[in-house]
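All ligand and atom numbering here is 1-based and tracks the order in the structure.
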Amino acid sequence: MRQLIAGNWKMNMLRQPAIELATALRDGAQGLACDLLVCPPFTVIEPVARALAGASVATGGQDCHTAQQGAHTGDISPTMLRDAGASWVILGHSERRQNHEETDELVREKVLAAVEAGLTPIVCVGETEDQRSGGQETEVVGWQLAGSLPKPFTGVVAYEPVWAIGTGKTATEQDVAAMHAFIREELVRQFGDAGQGIRILYGGSMRPQNAASLLAVPHVGGGLIGGAALKADDFLAIARAAQAG
Ligand code: PGA
């Protein structure tokens, strides 16, 4: 299974730097043996997708609504993401779960709407620092998986320990190995054989310096990268680590 290296640009990038970053990724992505994806903010999905047209880098959104259209001021529908040039969408990121009180049930509804619109969802799960220090990490992630993924599920899961996001603290290889093995078991329990083929990304302070070792851990199917996705050199260095791992 090819690894997926996905960049989550979060609420960063105006039009001009976004196009420059996309262009640098397009040029640098040739010949890489992993799949590449960037998820810019809504306002620059179209110019980024245009800059990446014909290149081996896909474009995605960072969230979407559960409906395809309607009276939802300020929201963006999955169909609109498709229309702007996206083929993927990140759903249930911990920043959405925390800052917008997104529940597992809402995330599952969004996954269904995204798939209906032809998008591939990346569903994020992960425990907080308190939950980990309380020994509840697998229980929490197990509930998130059971609640957030519809049956059947055609997408990708991202394990992102909340305490590792944007903090420079990375989970140890042992922690990642244990959690990814647990997630694989849960996916097989939920989806049978199909659960074996679902890619499980690791996310949380992945950098060029730690990417090779994290991406070599069993059941790690790629990375979801925030801060290091904003610099072409760093993102491409992580993508090359995936190729080697
Ligand atoms: P980070 O973010 O790489 O900056 O820790 C990862 C994410 O939130 O997806």
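Of the charged side-chain nitrogens involved, none lies within less than 4.0 Å of a carboxylate oxygen, so that Glu129 and Arg132 do not count as a salt-bridged pair.
Atom OG of Ser77 sits about 8.5 Å away from atom CG of Asp83, to the nearest 0.5 Å. With rounding to the nearest 0.5 angstrom, the CZ atom of Phe235 is 5.5 Å from the CG atom of Leu36. For the atom pair OG1 of Thr170 and CE of Met206, the computed distance is 8.5 Å after rounding to the nearest 0.5 Å. Taking OG1 of Thr154 as the start and CD1 of Ile198 as the end, the distance is 9.0 Å to the nearest 0.5 Å. The distance from atom CG of Asp35 to atom CZ of Arg2, rounded to the nearest 0.5 Å, is 4.5 Å.
Residues Thr172 and Asp175 have side chains that bring a donor and an acceptor to within less than 3.5 angstrom of each other.
Contacts with ligand 1 closer than 4.0 Å are made by side-chain heavy atoms of Asn8 only, the backbone lying farther away. At a heavy-atom distance under 4.0 Å, no atom of Ser94 approaches ligand 1.
The Ala164 neighbourhood of ligand 1 comprises atoms 5 (O), with distances under 4.0 Å to a heavy atom of that residue. Listed by atom number, the atoms of ligand 1 under 4.0 Å from Gly166 heavy atoms are 1 (P), 4 (O), 5 (O). Under a 4.0 Å criterion applied to the non-hydrogen atoms of Gly204, ligand 1 contributes the atoms 5 (O). Short contacts between ligand 1 and Lys10, defined as distances under 4.0 Å to a heavy atom of the residue, involve ligand atoms 2 (O), 7 (C), 8 (O). Close contacts of ligand 1 with Leu224, meaning ligand atoms under 4.0 Å from a residue heavy atom, involve 6 (C), 9 (O). Within ligand 1, counting atoms from 1 as listed, the ones closer than 4.0 Å to a heavy atom of His93 are 7 (C), 8 (O), 9 (O).
Remark: of the listed residues Ile19, Val48, Leu21, Leu21 is the sole one forming a side chain to side chain contact (heavy atoms under 4.5 Å, CB included) with Met13.
For the pair Thr167 and ligand 1, the shortest N or O to N or O distance does not fall below 3.5 Å. Remark: ligand 1 and Arg207 share no N or O pair separated by less than 3.5 Å (distance only, no angle test).
In terms of protein heavy atoms, atom 9 (O) of ligand 1 is closest to Glu160 OE2, 2.6 Å. Among protein heavy atoms, the minimum distance from atom 4 (O) of ligand 1 is reached at Gly227 N, 2.9 Å. Shortest contact from atom 3 (O) of ligand 1 to any protein heavy atom: Gly226 N, 2.9 Å.
Under the 30°/60° scheme for interplanar angles, the aromatic rings of His180 and Tyr159 are found to stand perpendicular.
Nearest approach of Ile45 to Gly61, heavy atoms of both residues: CD1-CA, 4.0 Å.
In this structure, Ala228 falls outside the shell of residues with a heavy atom less than 4.0 angstrom from ligand 1. Between Gly203 and ligand 1 there is no heavy-atom distance shorter than 4.0 Å.
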